[in-house]
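Single-structure report; data block below.
Note on naming: letters A, B, ... go to the chains in the order of the sequence lines (proteins, then strands), and numbering restarts at 1 for each one.
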2 protein chains.
Amino acid sequence: MALKLRKNKAETLPPLCAVGECMVLLGGAWTPNVIWYLSGGARRFGELKSDMPLISAKMLSARLKDMEEKGVVTRTVMPTSPPSVEYALTELGAELVPALKAIVSVGQRLKVRRAEAA
Amino acid sequence: MALKLRKNKAETLPPLCAVGECMVLLGGAWTPNVIWYLSGGARRFGELKSDMPLISAKMLSARLKDMEEKGVVTRTVMPTSPPSVEYALTELGAELVPALKAIVSVGQRLKVRRAEAA
DNA sequence: AAATCTAATTACTTTATGTTACTAAAGAAT
DNA sequence: ATTCTTTAGTAACATAAAGTAATTAGATTT
């Protein structure tokens, strides 16, 4: 067998790829946006809906339910009428915010870059 | 019309939500992983495939094509036989790495946390 | 000549996401 | 008393993305 000049494992990278660990919580359509808007404090269903005009009620509902199951957000029904429901980040959810901030800051640079290119 | 005690816009958050700008490039199944493995230097199709044992050839191929179209990676056919194809991050692709690092570091903390909980 | 290697592609299935319309319950308006 | 409005959804349906398995093609190797 000939010598392989090229490494066949990415040994210079951190031992385990933990991307997946985080992407499970961050993945799924609209999830980053929901976390983003909740990072400013608790918000109600309808408020989140108007923060993201393009999301459908179904998707927002599905995403919030997922996130609740994963322990990223809490859901609190307020005793108003009609009843309103408040969502907030859990401690776990809050841990995702720094990663999201990094994503946003790259996003902003990309935006600037595109504006300059035009 | 009654006074609204609750802000109906998330005004305390940064003016524009740039998450989407970045998620377009980072979104899609396996994309973060591909960027991660390319962040250590150029790699061939088969190498990426074995870096990510669970990805199918079809998905890897599709994702790399997407990423090439979006200007995140370059594709170079090497004049070997059988021909091998080398992929590398572009400058734009490299800009995504810091965000990814933030994601990985959160991922690692989540992993540790789970290990402690068990 | 048959098997192997690399980098795919094709056909098909399953899961995820998106659209539109509708519901339930309470209070306010007519 | 009946209709309208608001909040937080759900149900039925349509499309897009992702996953599986088998196949391709050219150049070695056996």
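The side chain of Ser61(B) lies closest to dA8(C), out of dT6(D), dG18(C), dA8(C). You'll find that the side chain of Lys58(B) is closest to dG19(D), out of dG19(D), dG26(D), dA8(C). Among dG9(D), dA8(D), dG27(C), the nucleotide with an atom closest to any side-chain atom of Arg75(A) is dG9(D). Nearest to the side chain of Ser81(A), among dG18(C), dG9(D), dA26(C), sits dA26(C). Side-chain atoms of Pro82(A) lie closest to dT7(D) of the nucleotides dT7(D), dA7(C), dG19(D). The side chain of Met59(A) lies closest to dT17(C), out of dT17(C), dG19(D), dT6(C).
With rounding to whole Å, Arg44(A) atom CZ is found 14 Å from dG9(D) atom C1'. Put simply, CD on Glu47(B) is 10 Å from P on dT6(C), counting in whole angstrom units. Regarding Leu54(B), its CG atom lies at a distance of 16 Å from the C1' atom of dA21(D), rounded to whole Å. Remark: P of dT24(D) and CZ of Phe45(B) are 18 Å apart, rounded to the nearest angstrom. Atom NZ of Lys49(B) is separated from atom C1' of dA7(C) by 11 Å (rounded to the nearest Å). One can place CD of Glu68(A) at 14 Å from P of dA8(D), the figure rounded to the nearest angstrom. Across the protein-nucleic acid pair, Asp66(A) atom CG and dT17(C) atom C1' stand 12 Å apart, rounded to whole Å. Counting to the nearest Å, the P atom of dA7(C) and the CG atom of Leu64(B) are 11 Å from each other.
The CD atom of Glu21(B) lies 4.5 Å from the NZ atom of Lys111(A); values are rounded to the nearest 0.5 Å. Here Glu86(A) contributes atom CD and Glu47(A) contributes atom CD; the two are 7.5 Å apart, rounded to the nearest 0.5 Å.
Ala29(B) comes within 4.0 angstrom of sugar-phosphate atoms only, judged by non-hydrogen atoms across all strands, and of no base.
When each of Ile55(A) and Ser84(B) is assigned the nucleotide of DNA chain C with its nearest heavy atom, Ser84(B) is the one assigned upstream, toward the 5' end. Mapping Pro83(A) and Trp30(A) onto DNA chain C by nearest heavy atom places Trp30(A) at the nucleotide closer to the 5' end.
A heavy-atom distance below 4.5 Å is found between the side chains of Glu91(A) and Arg113(B).
Look at Lys65(A) and you'll find a side-chain N or O under 4.0 angstrom from OP1 or OP2 of dT10(D). Applying the 4.0 Å criterion to OP1 and OP2 of dT6(C), one finds that Tyr87(B) has every side-chain N and O outside that range.
Leu54(A) and Leu38(A) fall within the same hydrophobic cluster, where Ile, Leu, Val, Met, Phe, Trp and Tyr residues are linked whenever their side-chain heavy atoms come under 4.5 Å apart, directly or through other members.
The two residues Lys101(B) and Trp36(B) come nearest to each other via the heavy atoms CG-CZ3, 4.1 Å.
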